Amino acid sequence: MTKQNDDDLGAIADDLIEKENKPVKEIKLDEFIERFSKKTEIEYELHREDAAKRYKVRTSVLDKAISQARATHIVEDDIELVVEELLPYAGEVDGLSIADSIEKKLRAHVKIGTHDYTVVTLWVILTYCFDDFGIVPKLLIKSPEHRCGKSTLLEVLDGTTHRALPASNITAASLFRTVDLFSPTLLLDEADTYMKDNEDMRGIVNSGHRKRTAFIVRLVKVGDDYIPKKFSTWGAMAISGIGSQATTVMDRSIIINMQRKLASESVARMDHLFVNECKPLRQKVLRWTIDNKQSFKQARPTIPPCSNDRTVDNWYPLFAIAEVLDSEWVKRIIEAFIHATVEDSDGEYIGTMLLEDIKEILNKRN
């Protein structure tokens with residue numbers, strides 16, 4: 001190593017020496033990595049080989065350490081620009097009061113089915129405590145045509161859910177990296193235009209359903225090599241679009257069917273201050289879910305019989321939250337569940353009959 005480069009490394013460590021009174025020779029490798037991870041690629045490249053010799057490590061190992069440190073700085077510096085870092089409400093909160101406030105905001109701005117208000121209210125609360133459960137269902141918001149209020153419902157969710165991140169036309173690569181870094185409540189609008197036929201994205205979305213398997217593995221470039229890395233896909237997600245999604249996505253979702261409101265029906269318009277005005281409510285929901293973590297784990301709700309086990313899994317967190325709230329919310333979620341599963345059963349029955357009729361007609365032609 002040249003004397004000039006040795007002096008350069010010493011100069012880089014000047015501030016460390018001032019703080020800790022260390023001679024240059026005693027500066028540890030991790031301190032060097034921390035320092036250079038905050039410098040430009042060119043500045044690092046100028047000292048890369050000499051530093052590897054000085055610390056007796058391979059350049060590829062040093063590259064990997066610098067890349068990992070840089071990734072950490074990116075998260076620390078930019079996370080508030082991507083999702084809200086929310087502090088819980090300072091005082092005590094009442095769960096029934098916050099559930100009522102969420103429902104009132106839903107009823108004020110969107111027209112959905114009576115039971116859907118119950119479902120969406122409990123799902124909003126779930127976005128604050130989904131990590132206390134083993135499964136987090138998607139909220140699939142679908143309609144037969146435009147102008148049915150899907151985007152407005154997402155706007156209400158933007159103001160009421162935890163770490164909300166509205167996103168339209170997101171790519172598969174952006175989706176899993178965003179979930180891994182920021183753990184947001186993703187609000188995906190117009191999903192019918194980019195998700196239904198995108199196999200890679202469907203796989204990522206589906207993988208986030210069950211906590212134990214909520215990850216994907218991708219190769220990432222580190223220095224001159226590629227190494228496998230696990231990315232978490234565990235998080236809450238609302239998906240909005242016209243028509244149905246792939247059956248695998250729908251199977252992992254609680255579905256809200258939107259319809260155009262009647263001419264005689266009206267809702268309040270949203271304004272640009274809605275998200276800010278809802279911040280105290282978000283803080284209260286966060287406080288309540290933190291205070292009731294143990295109650296969620298101890299909840300043993302009774303769910304009405306259903307032939308579809310995955311449907312029961314999807315609804316379980318909502319039943320548990322309702323149980324922690326009170327018996328009235330338990331009654332409401334039972335009614336909503338029965339209403340939803342009867343509709344699903346009818347749909348499956350009609351579909352089966354239609355296929356049987358088609359088969360009979362084809363057989364007669366043959």
Side-chain angles (χ1 to χ4, degrees), residues 1-83 85 131 163 165 167 170-184 186 198-201 203-208 210-235:
M1 184 180 297
T2 65
K3 183 178 186 305
Q4 181 182 357
N5 282 332
D6 192 45
D7 290 342
D8 288 341
L9 287 173
I12 289 166
D14 280 348
D15 61 314
L16 293 173
I17 296 170
E18 289 176 8
K19 292 178 182 178
E20 302 182 24
N21 276 330
K22 287 183 179 179
V24 174
K25 293 181 180 179
E26 292 184 15
I27 295 172
K28 296 179 181 179
L29 175 59
D30 58 351
E31 295 172 325
F32 175 83
I33 291 169
E34 175 66 17
R35 178 69 171 170
F36 264 95
S37 66
K38 297 178 180 178
K39 289 187 170 291
T40 66
E41 290 281 356
I42 293 176
E43 289 175 304
Y44 169 57
E45 184 63 28
L46 290 173
H47 302 285
R48 175 174 173 264
E49 291 187 6
D50 289 332
K53 292 177 183 177
R54 177 179 184 133
Y55 295 108
K56 298 179 180 179
V57 297
R58 298 192 306 275
T59 53
S60 61
V61 174
L62 191 60
D63 291 341
K64 179 179 177 181
I66 292 288
S67 296
Q68 291 175 338
R70 280 180 176 151
T72 301
H73 296 318
I74 290 172
V75 174
E76 291 173 348
D77 294 343
D78 295 345
I79 191 166
E80 290 189 7
L81 301 177
V82 178
V83 294
E85 285 300 305
D131 211 31
R163 300 166 69 85
L165 181 59
I170 191 170
T171 64
S174 298
L175 191 150
F176 72 77
R177 285 181 169 85
T178 299
V179 174
D180 181 72
L181 284 175
F182 307 115
S183 191
L186 273 177
N198 188 324
E199 186 175 345
D200 192 23
M201 180 168 287
I204 294 167
V205 169
N206 291 339
S207 70
R210 189 176 295 273
K211 186 176 184 179
R212 189 171 179 274
T213 56
F215 65 87
I216 61 170
V217 178
R218 294 290 186 271
L219 291 177
V220 296
K221 186 173 176 59
V222 178
D224 298 326
D225 201 1
Y226 287 87
I227 63 170
K229 173 179 168 56
K230 286 174 66 173
F231 292 88
S232 172
T233 55
W234 176 242

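Below, each value reflects all heavy atoms present in this structure, side chains not excepted, and no hydrogens, waters or symmetry copies. If you read the sequence from its start, that first residue is 1, and numbering goes on from there. Treat the numbers as computed from the prediction; the structure is a model and nothing was measured.
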Could you give the distance from CG (Leu219) to CD1 (Ile227), rounded to the nearest 0.5 Å?
9.0 Å
What pairs with Ser207 under side chain to side chain donor-acceptor pair (under 3.5 Å), at least two apart in sequence or on another chain?
Thr233
Quiz: residues 170-180 side-chain donor-acceptor pairs under 3.5 angstrom, not counting sequence neighbours:
unit_1, atom_1, unit_2, atom_2, d
Thr171, OG1, Ser174, N, 3.1
Thr171, OG1, Ser174, OG, 2.8
Thr178, OG1, Ser174, O, 2.6
Asp180, OD1, Ser232, N, 2.8

side-chain contact (heavy atoms from CB on, under 4.5 Å) partner of Tyr55, the single match among Leu62, Leu29, Asp30
Leu29
Pairwise distance CZ(Arg58) to NZ(Lys53) - rounded to 0.5 angstrom
16.0 Å
Any Lys/Arg nitrogen of Arg48 or Asp63 sitting under 4.0 Å from an Asp/Glu carboxylate oxygen of the other?
yes
Closest non-hydrogen contact found for Arg163 with Phe182 is NH2-O, 2.6 Å
Against the six-membered ring of Phe231, is Lys229 placed for a cation-pi contact (under 6.0 Å from the centre, within 45° of the normal)?
yes
Smallest heavy-atom separation, Gly208 atom then Ala214 atom, equals CA-CB, 3.9 Å
For Lys211, enumerate each residue passing the salt bridge (charged side-chain N to carboxylate O under 4.0 Å, His left out) test, keeping only those at least two apart in sequence or located in another chain.
Asp131
Checking Lys230 now: which residues fulfil side-chain contact (heavy atoms from CB on, under 4.5 Å) with it, not counting sequence neighbours?
Phe215, Val217
Quick one: list whatever passes salt bridge (charged side-chain N to carboxylate O under 4.0 Å, His left out) with Asp200, sequence neighbours left out.
Arg218
From Leu46 atom CG to Phe36 atom CZ, the distance as rounded to the nearest 0.5 Å:
8.0 Å
Atom NZ of residue position Lys221 - does it have more than 12 heavy atoms of other residues, nucleotides or ligands inside 6.0 Å?
yes
Which heavy-atom pair separates Ser183 from Trp234 by the least distance, and what is that distance?
OG-O, 4.5 Å
For Arg212, which residues count as a side-chain contact (heavy atoms from CB on, under 4.5 Å) partner, sequence neighbours excluded?
none
Return the OG1 to CD distance between Thr59 and Glu45, rounded to the nearest 0.5 Å.
9.0 Å
